[in-house]
There are 2 protein chains.
Amino acid sequence: MNKSEVFDESLQELALFAKAVSHPARLAILKFLAESKTCISGDISDYLPLSRTTVSQHLKELKELGIIHGTIDGLKINYCLCNANITKYLVMFETFFKPIKEASVDCSIDSKS
Amino acid sequence: MNKSEVFDESLQELALFAKAVSHPARLAILKFLAESKTCISGDISDYLPLSRTTVSQHLKELKELGIIHGTIDGLKINYCLCNANITKYLVMFETFFKPIKEASVDCSIDSKS
DNA sequence: TACTAATGTCGCAAACATACGACATTGTGT
DNA sequence: ACACAATGTCGTATGTTTGCGACATTAGTA
């Protein structure tokens, strides 16, 4: 039923990035990783009000997009933000939204149709 | 089951924006509106490989976030991109991701765990 | 007033996302 | 080898998204 594949490759890729960052928990994870620059491991689970399992799954999604990366260090795993891919997606995002923003117009303040 | 509300307001709001633009069809709609600057109505449905119903729903989602706006013109409806809200969300996005990008590091090229 | 056109809303089905407990895996220390 | 700790994976319940046909609404038009 999902027709996503009929759209432009670039739209699909941007949509995947947007989807990855479309959950507060994943945004919180990114923020946490940015703040604890030492790439601290899964005390992320302690920090967030979610079970370890759930956090693990959110991490997996971010990993699969390539915007974070985990390095095994004994029993622990150090996660960090992955510059190359983050930059890639941010550039993609900006490139897409620049013309959108430029083409936008003043709407009545009370929008919503 | 959805625990989104336990997170920071600002994270939730950014997540809502990301969710709104996390589908290729909605990105395609935004792009179409940017290109046909005359705020053309629902030939959007003709342009996209989706049924009118489905397009209507995607439009509704974008409308509810306030990033597009529809003006009734007889039988037709002219949609346009709503500057104030688009700018608001883009600023929010950039503010969030700037420190993320700055804190990111070089990862092995073959990322994914 | 009836007909048609452009659009929105409802209700459903299939797919996907979220959250979590229970289990599996892997490394560390004894 | 054994127990424990940090993590990942599986199965499953529940909620949300996507897509669409059928119906409703509203505005022009004969």
Side-chain angles (χ1 to χ4, degrees), chain A residues 1-7 11-12 15-29 32-33 38-65 68-80 111-113, chain B residues 1-7 11-12 15-29 32-33 36 38-65 68-80 112-113:
Chain A
M1 186 201 276
N2 191 318
K3 286 206 169 181
S4 292
E5 350 43 73
V6 302
F7 295 96
L11 292 187
Q12 287 185 51
L16 284 181
F17 169 63
K19 185 169 278 175
V21 299
S22 74
H23 194 288
R26 290 193 287 274
L27 292 174
I29 288 172
F32 182 77
L33 287 178
T38 41
C39 300
I40 290 298
S41 78
D43 5 40
I44 305 170
S45 322
D46 299 340
Y47 170 71
L48 295 178
L50 295 171
S51 80
R52 213 182 39 69
T53 309
T54 305
V55 171
S56 184
Q57 277 181 166
H58 284 308
L59 285 169
K60 191 180 172 193
E61 277 188 70
L62 295 171
K63 241 183 339 189
E64 278 172 358
L65 238 211
I68 69 172
H69 178 259
T71 313
I72 298 170
D73 173 21
L75 263 181
K76 305 210 175 180
I77 296 186
N78 288 330
Y79 283 102
C80 57
S111 46
K112 311 196 178 183
S113 175
Chain B
M1 182 200 277
N2 192 320
K3 285 206 169 180
S4 293
E5 349 43 75
V6 302
F7 295 97
L11 292 187
Q12 287 185 51
L16 283 180
F17 168 64
K19 185 170 277 174
V21 300
S22 75
H23 194 288
R26 291 194 287 274
L27 292 174
I29 289 173
F32 182 77
L33 287 178
S36 55
T38 40
C39 301
I40 292 297
S41 79
D43 5 39
I44 304 171
S45 323
D46 299 339
Y47 170 70
L48 294 178
L50 294 171
S51 80
R52 214 182 38 69
T53 309
T54 304
V55 170
S56 185
Q57 279 181 165
H58 284 307
L59 285 169
K60 192 180 172 194
E61 277 188 68
L62 294 172
K63 242 186 335 194
E64 279 172 358
L65 237 211
I68 69 172
H69 178 257
T71 315
I72 296 169
D73 173 20
L75 263 183
K76 305 210 177 182
I77 297 188
N78 289 329
Y79 283 102
C80 57
K112 312 202 175 177
S113 171

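Lettering of chains follows the sequences in order, A, B, ..., and the numbering in each one begins at 1.
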Rounded to the nearest 0.5 Å, how far does [atom2] of [Y] lie from [atom1] of [X]?
| X | Y | atom1 | atom2 | value |
| --- | --- | --- | --- | --- |
| Y79(A) | I68(A) | OH | CD1 | 6.0 Å |
| I77(A) | S56(A) | CD1 | OG | 8.5 Å |
| L16(B) | L65(B) | CG | CG | 6.5 Å |
| K60(A) | Q57(A) | NZ | CD | 7.0 Å |

Residues in side-chain contact (heavy atoms from CB on, under 4.5 Å) with A25(B), at least two apart?
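Listed in chain order: F7(A), H23(B), L50(B), H58(B).
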Sequence-distant partners of S51(A), side-chain contact (heavy atoms from CB on, under 4.5 Å), two or more places apart
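Result, side-chain contact (heavy atoms from CB on, under 4.5 Å) vs S51(A): T53(A), T54(A).
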My understanding is that only residues two or more places apart in sequence, or in another chain, count here; which of them pass side-chain hydrogen bond (donor to acceptor under 3.5 Å, both in side chains) with E61(A)?
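In terms of side-chain hydrogen bond (donor to acceptor under 3.5 Å, both in side chains), with neighbours along the sequence ignored, E61(A) is linked to R26(A).
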Could you pick out which residue, N2(A) or N2(B), lies toward the 5' side of DNA chain C when each is mapped onto its nearest nucleotide?
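Its nearest nucleotide lies further toward 5', so the answer is N2(A).
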Give the rounded distance in Å between these two atoms: [atom1] of [X] and [atom2] of [N].
| X | N | atom1 | atom2 | result |
| --- | --- | --- | --- | --- |
| Q12(A) | dT18(D) | CD | C1' | 15 Å |
| E61(A) | dT9(D) | CD | C1' | 15 Å |
| I72(A) | dT28(C) | CD1 | P | 10 Å |
| D46(A) | dA5(D) | CG | P | 14 Å |
| I44(A) | dA6(D) | CD1 | P | 14 Å |

With a cut-off of less than 4.0 Å, is there a side-chain N or O of [X] near OP1 or OP2 of [N]?
| X | N | answer |
| --- | --- | --- |
| H58(B) | dG19(D) | yes |
| S51(A) | dA19(C) | no |
| K3(A) | dA15(C) | no |

Does L50(A) reach a base, just sugar-phosphate, or nothing at all? Heavy atoms under 4.0 Å.
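If one applies the 4.0 Å heavy-atom cut-off, L50(A) turns out to touch the sugar-phosphate alone, with no base involved.
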Would you indicate whether the side-chain heavy atoms of V21(B) and F17(B) approach each other to under 4.5 Å?
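A side-chain contact under 4.5 Å exists here.
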Between dT28(C), dC20(D), dT18(C), which nucleotide gets closest to the side-chain atoms of L75(A)?
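Minimum distance to the L75(A) side chain belongs to dT28(C).
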Check nucleotides 8-11 of chain C against the protein and report each pair of N or O atoms closer than 3.5 Å, with its distance, or say if there are none.
residue	atom	partner	partner atom	Å
dG8(C)	OP1	Y79(B)	OH	2.3
dG8(C)	OP2	S56(B)	OG	3.4
dG8(C)	N7	R52(B)	NH1	3.2
dG8(C)	O6	R52(B)	NH2	3.0

Give every residue pair that meets the salt bridge (charged side-chain N to carboxylate O under 4.0 Å, His left out) criterion with at least one member in residues 48-58 of chain B, sequence neighbours excluded.
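Output for this query is empty, none listed.
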Nucleic acid contacts of residues 17-29 of chain A, taken as heavy-atom distances under 4.0 Å to DNA chain C
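Per residue number, the list reads K19(A), H23(A), R26(A).
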